[in-house]
Amino acid sequence: MNMSLLIGFIIMFASTGAYYAMSLKYPMEKRTFHYVTMFVTGIASIAYLIMAFDGGNVMVTLASGDERKFFYVRYLDWAFTTPLLLLDIGLLAGASLSHISFIIGCDVLMIVGGLAGPVFFPANETAKWTLFTIGMIWFAPIIYAMLVEWKVKMNPAVAGTYSLVANLTVVLWAAYPIMWALCEGTGVLSDETEVILYTILDVTAKAALGFVLLGNHGTIEAATSGDKAGLPMN
C-alpha cells in the first residue's frame, strides 16, 4: 500500500467528517457550503483509497519507450470534485447559476482534454499535446471568472474570504498543468514523485481551502442570507 496515497485518504476522510461536524452549528438552510465541500473531500477520499490499494491505474508506454503508471481514477475524482469546488466559489461570490454552470462545463472539458491524451495516445506526442492544449484553452474562462467576473457584484462581507480562496485556487490549479507536463506528458518525474506532489496539491486545494472557507462564520452567514436555500437569487 502506498503511504502517500493512504495519508491523502486519511486527510480527505477526516476533513469530510470535520466539515459535517462544523455544519451542525448552522440551521439546515445555511449548510450549503458545508455539504458541497464535504462531498468534495468525500469523493476524493474514495479515489485516494482506491489508488492506495493500487487500483484505478494502468501501465502506459510513453513515446520515449518508458513505462509508467497512469492513475485514471484521479481524473474521475477531478471530474466530480472540481465542479463542486467551482460551485462553492461561485456561490460564495453570488454568481448566477447560469454562469456557474458555464464555468463548470469549461472545467469538465479541461479535464477531458488532460485525460484523453494519456488514455488514447500515450506514445503519440502530437495527439496527446494537442488534446492537452485544447483542455488548457478551456482553463482560461475559469481563471477569468474567479479573478475578474465573479468579483464584480460580490457582497463586500464575503470579499476577503472569497479573494483568499479564489486566488489560492487559481495558483494551485495552475500547478496541475505543470505536473501533467512533467508526469503524464513527458515522464520526467517518477511515479512516486508524481504521487507525492499530486497528493500535496489535492490536499491543499480541497481539504485546506475547505477549512479556510468554512472556518469563517461571518462569511457563511453573509453568503447564505440571500434566500432560504443559501443560493443566489439571480
Side-chain angles (χ1 to χ4, degrees), residues 1-16 40-85 107-139 142-143 168-210:
M1 178 175 285
N2 186 289
M3 290 306 298
S4 298
L5 294 169
L6 180 60
I7 291 170
F9 159 73
I10 292 171
I11 294 174
M12 295 295 191
F13 189 76
S15 297
T16 303
V40 168
T41 51
I43 293 169
S45 70
I46 295 173
Y48 267 86
L49 188 58
I50 292 171
M51 291 189 288
F53 280 119
D54 200 27
N57 69 80
V58 293
M59 296 300 297
V60 297
T61 303
L62 304 181
S64 62
D66 295 332
E67 288 192 339
R68 68 180 295 116
K69 281 185 178 180
F70 174 65
F71 290 93
Y72 60 83
V73 74
R74 182 178 285 132
Y75 289 80
L76 297 179
D77 167 357
W78 294 339
F80 288 99
T81 58
T82 56
L84 290 174
L85 287 168
D107 175 56
V108 172
L109 289 172
M110 176 181 69
I111 294 169
V112 171
L115 171 65
V119 168
F120 299 109
F121 309 103
N124 185 329
E125 294 290 286
T126 300
K128 182 167 63 175
W129 283 93
T130 298
L131 287 162
F132 171 77
T133 301
I134 291 173
M136 287 300 93
I137 291 173
W138 290 107
F139 190 24
I142 300 172
I143 296 174
L168 286 176
T169 297
V170 169
V171 170
L172 290 166
W173 283 24
Y176 283 88
I178 298 173
M179 282 293 298
W180 189 97
L182 296 175
C183 301
E184 292 94 324
T186 61
V188 170
L189 298 182
S190 68
D191 288 346
E192 183 58 32
T193 301
E194 171 189 342
V195 164
I196 293 171
L197 293 180
Y198 268 132
T199 300
I200 292 172
L201 282 174
D202 278 348
V203 166
T204 306
K206 296 172 183 174
L209 288 188

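Along the sequence shown, residues are numbered consecutively beginning with 1. Remember, it's a predicted structure, so these values are computed and weren't measured experimentally.
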message: I'd like to know whether D66 forms a side-chain contact (heavy atoms from CB on, under 4.5 Å) with T61, so could you lay out the CA-CA distance, the side-chain angles of the two residues, the decisive distance to 0.1 Å, and finally the verdict.
response: CA-CA 6 Å; D66 295 332; T61 303; over 6 Å; no

- prompt: Which residue pairs pass the ring pair (Phe, Tyr, Trp, His ring centres under 6.0 Å) test when at least one of the two sits in residues 44-73, sequence neighbours left out?
  reply: F70-Y75

Could you work out, with side chain to side chain contact (heavy atoms under 4.5 Å, CB included) as the rule, every residue matching [X], not counting sequence neighbours?
X	result
L172	L201, T204, A205, L209
S45	F9, M12, F13
E125	A63, K128, W129
F121	N124, A127, L131

query: Do the non-hydrogen side-chain atoms of L84 and K206 ever get within less than 4.5 Å of each other?
result: no

Let me confirm one number: the [atom1]-[atom2] distance from [X] to [Y], rounded to the nearest 0.5 Å.
X	Y	atom1	atom2	value
L76	L115	CG	CG	7.0 Å
D202	T41	CG	OG1	11.5 Å
I43	T81	CD1	OG1	6.5 Å
L62	T186	CG	OG1	8.0 Å
I137	M110	CD1	CE	13.0 Å
I10	M3	CD1	CE	6.5 Å

Residue of the set D191, D54, N57 for which side chain to side chain donor-acceptor pair (under 3.5 Å) holds with K69: D54

- line: For W138, the ring-ring contact (aromatic ring centres under 6.0 Å, His included) test, sequence neighbours excluded, returns none

- request: Would you sort out whether S190 and T193 count as a side chain to side chain donor-acceptor pair (under 3.5 Å), showing the intermediate values?
  value: CA-CA 5 Å; S190 68; T193 301; 2.9 Å; yes

task: Apply side-chain contact (heavy atoms from CB on, under 4.5 Å) to I46 and M51, showing your working.
output: CA-CA 9 Å; I46 295 173; M51 291 189 288; over 6 Å; no

message: Closer than 4.0 angstrom, basic N to acidic O: yes or no for E184 and R68?
response: no

- prompt: Going through the checks in order, is the side-chain contact (heavy atoms from CB on, under 4.5 Å) test met by I7 and T199?
  reply: CA-CA 9 Å; I7 291 170; T199 300; 5.8 Å; no

message: Quick check: closest heavy atoms across V60 and P122, and the distance to 0.1 Å?
response: CB-CB, 3.9 Å

query: For the residue pair S4 and I196, what are the closest heavy atoms and their distance?
result: OG-CG1, 3.4 Å

- prompt: Applying the ring pair (Phe, Tyr, Trp, His ring centres under 6.0 Å) test to W78, which of W173, Y198, W180 qualifies?
  reply: Y198

